[in-house]
Every structure is written in C-alpha cells, then in structure tokens.
Amino acid sequence: MTAQILIVEDEQRLAELLADYLKASGYTTHHLAEGGGAADWIREHEPALVILDLMLPGKDGLDICREVRKFSRVPIIMTTARVEEIDRLVGLELGADDYVCKPYSPREVVARVKAVLRRLSASPDTEPGPITLDADRLRVRAAGRETELTAVEFALLQALFRSPGRILSRAQLMDRIYDDHRIVSDRTIDSHVKKLRRKLSDLLPEQELIHSVYGVGYRYEHPPAA
Ligand code: CA
C-alpha cells in the first residue's frame, strides 16, 4: 500500500500542483481546502504525513497542529507564506516536523516529505547513529576516533543531538547554551556551529550531521548506520 499524504491547503491550484508531484513520486493524496474538519479527518484516516498550511479558513494550522498532537504523532510539515513566522512557529514547539516557506517549489516539498518519512523509518531509538558524546571529557567519538570540543561546541552538539530531526532556532540554541544570551548574537551561534561542523567533518568526512535551515536555525540528522 502506498503512503497517503494529506494536503490541507486553501489555494486550490497550489494543492493540485503539489498533489500531482506527490503522485508522481508514488504517494496517494487527499486534499482538504479548509481547516475545520482536518483533525477529524486525520483521526479517521491516519495518513502517513500531513502538509498543513498555516493560514486556513475554518481553523488555522496552529490550532490544527495542537489538536492533532493530542492523539497522533503523524509527521506534519507546516507551510507558511511568511518567512518571519517560521522562527515563531519553531519557538512554539508545536510538534511540527518541518516547516516550508511559500512560495515553494513542489519538488522541494516532495524532497522534504521523503526526508521526514525516511527519518521516521530510521528512528534513533532503534538505529543509533555512529557518533557518541562524552560529556565528562567534552569529546565526540565516531568511526573509532574522537575529537575534543569546546564547552560551547559540546553544548550545541548535545542540544541538536538530543532532538534529531527537529529544527532548533538560534534563539533556542542560545537559551540552552548561555545563561545570559543578551551578550551573544545569532552570528556567534553561526560561528560556533561552523567550527563544530569542521571538527565533525574531520571525524566523518562523508557525512553532513548538522544541517542549516535557511532563516531559521539548525537541525541534527542521524546519519545512516555504517
Ligand atoms: Ca492559506
């Protein structure tokens, strides 16, 4: 049976375009043009994934996401036309699995759908990734080697590592690393992440562990087990 994707989107043409791309990738789709019945539909039909628009007639995406999380862990990709909304959405910790900014290319959304579904089938609970953190010695081990991190780099990696697949905004990362983040800027986080990535790529040259999410923050992905 093919995975069914629910598209909750009030822009008819966009929904149709997205459905065409998803079908071409082997998914079946269902479309709802308004938010009111979305949670009930999800409860009844248990789709494999939901692409959920933020601004909808009936009930908005935020409320739907909250409602769905009370009974289901179905992956949700939120879409919004306002890039400045994304940081706020991530901060609300609604339990969405990914966010996409409009206008988007349907191809990009299909790639995100595949990535989210792949991530779920390779859950870190069952398939531990190849890196190990040693908090006492501020070291990270991978592929039989290890490297030393600064306290800040270690805290960053730990925060990301503990929420694989989740986007953490720069503000969330700062909260977890510094007691007083008035003294650091977004650039500071970026520069620590840059150094951290360099050290990780020395250990695992072929693997990209920390991904940038444009305009939002960072996400750690467990690499496939070797
Ligand atoms: Ca809309």
Side-chain angles (χ1 to χ4, degrees), residues 54 75-105 107-109 111-116 118-119 122 124 129-143 145-224:
L54 178 63
I76 296 175
I77 298 177
M78 298 273 288
T79 66
T80 172
R82 290 181 289 178
V83 70
E84 64 272 20
E85 273 287 296
I86 290 189
D87 206 29
R88 194 173 75 83
L89 292 176
V90 171
L92 288 175
E93 305 226 13
L94 293 168
D97 296 81
D98 206 350
Y99 300 85
V100 179
C101 203
K102 291 176 172 179
Y104 52 66
S105 87
R107 213 181 290 276
E108 163 73 8
V109 177
R112 301 281 192 98
V113 166
K114 286 181 181 166
V116 168
R118 198 184 316 124
R119 208 149 75 207
I131 78 166
T132 318
L133 304 190
D134 179 346
D136 294 334
R137 295 162 62 233
L138 298 182
R139 279 162 185 260
V140 54
R141 260 190 300 279
R145 295 187 298 151
E146 63 176 31
T147 191
E148 201 171 327
L149 304 177
T150 65
V152 168
E153 289 162 0
F154 191 87
L156 269 174
L157 179 59
Q158 197 170 41
L160 290 160
F161 180 80
R162 283 178 175 168
S163 306
R166 290 285 308 276
I167 304 164
L168 294 179
S169 67
R170 291 179 178 82
Q172 286 173 322
L173 289 168
M174 280 187 244
D175 279 345
R176 294 183 195 195
I177 293 163
Y178 301 104
D179 295 332
D180 178 1
H181 62 78
R182 279 171 300 173
I183 52 163
V184 300
S185 70
D186 288 5
R187 297 257 168 95
T188 312
I189 294 287
D190 292 343
S191 96
H192 287 301
V193 169
K194 196 172 166 189
K195 287 178 201 149
L196 174 58
R197 276 174 155 165
R198 200 176 303 140
K199 290 182 180 178
L200 291 174
S201 77
D202 287 344
L203 289 179
L204 292 167
E206 305 300 324
Q207 312 261 18
E208 174 107 341
L209 301 179
I210 297 173
H211 299 255
S212 308
V213 183
Y214 181 75
V216 184
Y218 294 98
R219 168 168 65 203
Y220 174 86
E221 298 271 5
H222 275 300

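Along the sequence shown, residues are numbered consecutively beginning with 1.
Note that CG of Leu160 is 9.5 Å distant from OH of Tyr220, once rounded to the nearest 0.5 Å. In this structure, the separation between CG on Leu133 and CZ on Arg141 is 9.0 Å, given to the nearest 0.5 Å. Here the CZ-CG distance, from Arg139 to Leu203, works out to 11.0 Å after rounding to the nearest 0.5 Å. Between Glu153 atom CD and Glu148 atom CD the span is 10.0 Å, to the nearest 0.5 Å. With values rounded to the nearest 0.5 angstrom, Gln207 atom CD is found 11.0 Å from Ser201 atom OG. The structure places CZ of Arg187 at 9.5 Å from CZ of Arg170, a figure rounded to the nearest 0.5 Å.
With hydrogens and angles left out, the side-chain atoms of Thr79 and Arg112 include no donor and acceptor closer than 3.5 Å.
Residues Tyr218 and Ile210 approach most closely at CD2-CG2, 4.0 Å, considering heavy atoms. Pairing each heavy atom of Lys199 with each of Thr150, the nearest pair is NZ-N, 4.0 Å. The two residues Pro75 and Val116 have their closest heavy-atom pair at CB-CG1, 3.5 Å. Across Gly165 and Arg219, no two heavy atoms sit closer than the pair O-CD, 3.2 Å. Phe161 and Ile131 make their closest contact through CE1-CG1, 3.6 Å (heavy atoms, listed as atom of the first residue, atom of the second, distance). Here the closest non-hydrogen pair linking Gln158 and Ala135 is NE2-CB, 4.4 Å.
Asp134 contributes no side-chain N or O that, together with a main-chain N or O of Val140, makes up a donor-acceptor pair within less than 3.5 Å. Listed for the Gln172 side chain is a donor-acceptor partner under 3.5 Å among the backbone atoms of Ser169.
Ion pairing between a basic and an acidic side chain is recognised when a charged N comes within 4.0 Å of a carboxylate O; Arg145 and Asp202 show no such pairing.
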Please determine whether side-chain contact (heavy atoms from CB on, under 4.5 Å) holds for the pair Met174 and Thr188, giving the CA-CA distance in whole Å, both sets of side-chain angles, and the decisive distance to 0.1 Å. CA-CA 9 Å; Met174 280 187 244; Thr188 312; over 6 Å; no
